[in-house]
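Each chain gets a letter, A, B and so on, in the order the sequences are listed, and its residues count up from 1. Just so it is clear, the values below take in all heavy atoms, side chains as well, and ignore hydrogens, waters and symmetry mates.
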There are 2 protein chains.
Amino acid sequence: MTRRITAKDIAMQAGVSRSAVSRAFTKGASVKPETRTRILDVAENLGYRPNAIARSLIKQETDLVAVVTGSEDNIYDMYFFDRLALRLQHEGKWGLLVRAERDEDISKKLGEALMYPVQAAIVRAGTVNTTIVEQCQRLKVPLIFTGPCPVAGADSVWCDNEEGARLAVDTLIQRGCRKIAYLGGDIRMLSENSRRKGFFDAMKTFGLEPFAVLDGDFYHADGYSNGVQLLTARDVPDGIFCANDAAAMGVLDAAKQVSNLRVPEQLAVIGFDNIPMAAWPSFDLTTIDNPIDLTTQAVADTLKKRLDAPGLPEMSVAITPKLVLRGSA
Amino acid sequence: MTRRITAKDIAMQAGVSRSAVSRAFTKGASVKPETRTRILDVAENLGYRPNAIARSLIKQETDLVAVVTGSEDNIYDMYFFDRLALRLQHEGKWGLLVRAERDEDISKKLGEALMYPVQAAIVRAGTVNTTIVEQCQRLKVPLIFTGPCPVAGADSVWCDNEEGARLAVDTLIQRGCRKIAYLGGDIRMLSENSRRKGFFDAMKTFGLEPFAVLDGDFYHADGYSNGVQLLTARDVPDGIFCANDAAAMGVLDAAKQVSNLRVPEQLAVIGFDNIPMAAWPSFDLTTIDNPIDLTTQAVADTLKKRLDAPGLPEMSVAITPKLVLRGSA
DNA sequence: TTGTAAGCGTTATCAG
DNA sequence: CTGATAACGCTTACAA
């Protein structure tokens, strides 16, 4: 790779000093208009742009934000990060992508990435991860947790999963369901735990015992096999709340293939997250919307506040999920 | 945000010079073992790590690779970028996320991002985009195109979409289909054009006229409405090749809802990409696999070669798609 | 094995 | 309005 064009090159070509070049690129700096034009012309010609790395060295700050996750094959998370990247760019930040193989490797990977002086780290971890909080505190990097649950020592933006689960149970009850099963996700995940808790609490409110409680892993295949198990038994549930949409879709597939139950009349199914596929006619899934736009907006707001006032106490923003009523319940 | 710990701090604490600190962090540098240990200890204590930005300034290179896309709501692309991020990290690179709102804004967004001296830019653009190639050439940033189609002036790793379309037609013909329709995607997209071309070529080989050709936009809803249109007509096709999986799933949903056609006996459907959902029982979609691992591997290889030998002539790697036979054809 | 000093490309300060 | 000069935090000759 040939050498990158520097301000020195432009200065020589334009017959000015390096400082002049710098000023030409600084909004509001005092440069004679014609000088600026000449400099910008030369720069355009040679394909120059100020080196953000050198700039950040002297300015003592970058536009970089570490965006880190360990999750894989989670459709919701992929959409989330996509939208988050857009939002960050709107705020003039650039996302430094940190992708761990597994949740447990998150803090290790982030540790390596922190060679780059990022403004902050936005982390979406499924499991409890105190290491990463300690690490960021030690390195004085503001940490924003996104997703399931607040963690002490970091800012957080979290979906009120318990409330979402309650919404789901309410809806099933209103539908007339009384034999309500819970099809959970990976029990190591924070979101699973709060959704499960919300489910149990809500059931208790109605004086109902869960018809069945199954562990799973949030995947479609898992929802399918658990669905088969539930629906081929002698006694079947009349309502199933699933810990996420993929699993719920698996259940719906199972219902179609191994049972004659009519959905939603004989079997109501509710998911969680509201991924775009939930709206597809083959699923037409009633689900609890985990609002991506609200969440990324809240992350951006939190980030801004944190950067403006590093001394602020911990912030924790709860996002309230909403019911999206479709054909499955 | 408090000041980041620097080598100077460590040097003072450890009672050595700044160079010693640098050496302690440089593999194979000549430092007395105990000195190194002491330095590393202090560093660990104070939470120091070398500033990658200052380092890259002197080293004249970064570990950054711009990873840029304009696509939205494309499940395949999301998976692709997720895997690409992992692959890059394995190669010791960090992805700088560049996300344009629309395909046409890609070169503008990348232009802004290039303030950061990245090693290369990996671009996934759906449409022809010569601006971005010129821009990267002017700035001497190696550019690797991924996806549909090679572009002159940049390296490229591309799926042989024409071959994939041929595979699809072959399969439908073998199935006994003779009234074969094509449900295309957005005609501005490169992938659409080559898939369409492959379809027409293959049909010609068999001496068949397309039963119908519809334009679309690659989305499920579009596949659905086009499917409804096709399948509620007096004369219906016996085979449909769709330009991607989401559209194919839409067609399958339409077939279920508005027709009594048995799949695959009376109606065979083939998609393209092989996103994970294609394997879900509700779809069980026969499709053309657009191999993510092969592609990201090829991108990483191309990147390595390009960085090792900047003078090398343009590289263009074709990835051959494979048929994945499931229940829909 | 260690320290000193120069320099990477920028911006900020301060004279002119 | 402009140009010299000093930083920013690091690596790397070179000298000790």
Step through the shown structure and confirm whether more than 12 heavy atoms of other residues, nucleotides or ligands are within 6.0 Å of CZ on Arg83(B).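 Enclosed.
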Around atom CZ of Arg138(B), are there more than 12 heavy atoms of other residues, nucleotides or ligands at under 6.0 Å?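 Enclosed.
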Nearest whole angstrom, please: distance from the [atom2] of [N] to the [atom1] of [X].
| X | N | atom1 | atom2 | answer |
| --- | --- | --- | --- | --- |
| Arg4(B) | dC10(D) | CZ | C1' | 11 Å |
| Ile53(A) | dC8(D) | CD1 | P | 18 Å |
| Arg55(A) | dA7(D) | CZ | C1' | 17 Å |
| Tyr116(B) | dT10(C) | OH | P | 14 Å |
| Met115(B) | dG9(C) | CE | P | 15 Å |
| Glu61(A) | dG9(D) | CD | P | 14 Å |
| Ile10(B) | dG9(D) | CD1 | P | 13 Å |
| Arg18(A) | dA7(D) | CZ | P | 15 Å |

Candidate nucleotides [options], ranked by approach to the side chain of [X] - the nearest:
| X | options | value |
| --- | --- | --- |
| Pro33(A) | dT11(D), dA7(D), dC1(D) | dC1(D) |
| Ser30(A) | dT10(C), dT2(D), dG9(C) | dT2(D) |
| Lys32(B) | dT12(D), dT2(C), dA4(D) | dT2(C) |
| Ser19(A) | dC1(D), dA4(D), dT12(D) | dA4(D) |
| Val31(A) | dT10(C), dT2(D), dT11(D) | dT2(D) |
| Ile58(B) | dG9(C), dT11(C), dT11(D) | dT11(D) |

Under 4.0 Å, counting only non-hydrogen atoms across every strand here, what does [X] touch: a base, just sugar-phosphate, or nothing?
| X | result |
| --- | --- |
| Val16(B) | sugar-phosphate |
| Thr35(B) | sugar-phosphate |
| Phe25(B) | nothing |
| Thr6(A) | sugar-phosphate |

Side chain to side chain, Thr69(A) and Phe80(A), heavy atoms closer than 4.5 Å: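 Sidechains of Phe80(A) and Thr69(A): no contact.
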Quick one, Ile319(A) and Val317(A) - any side-chain contact, counting heavy atoms below 4.5 Å?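 Yes, close enough: below the 4.5 Å cut-off.
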Closer than 3.5 angstrom, by distance alone: can the side chain of Asp155(A) be matched with the main-chain N or O of Met315(A) as a donor-acceptor pair?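 Confirmed, Asp155(A) side chain pairs with Met315(A) backbone.
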At less than 4.0 Å, is any side-chain N or O atom of Gln60(A) found next to OP1 or OP2 of dG9(D)? Yes or no.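 Yes, such a contact exists.
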At under 4.0 Å, does any side-chain N or O of Lys59(B) touch on OP1 or OP2 of dT12(D)?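 Yes, Lys59(B) has a side-chain N/O under 4.0 Å of OP1/OP2 on dT12(D).
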Residue met sooner reading DNA chain C from 5', once Leu57(B) and Ala20(B) are mapped to nucleotides: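 Mapping each residue to its closest nucleotide by heavy atoms, the 5'-most match is Ala20(B).
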Go nucleotide by nucleotide along DNA chain D from the 5' end; which of Ser17(A) and Arg49(B) gets its closest nucleotide reached first?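 Its nearest nucleotide lies further toward 5', so the answer is Ser17(A).
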Considering heavy-atom distances to DNA chain D, does Asn51(B) or Arg23(B) have its closest nucleotide positioned more toward the 5' end?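 Of the two residues, Asn51(B) wins.
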Among side-chain atoms of Gln297(A) and Asp301(A), is any donor-acceptor pair under 3.5 angstrom?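 Their side chains do contain a donor-acceptor pair, which is all the 3.5 Å distance test asks for.
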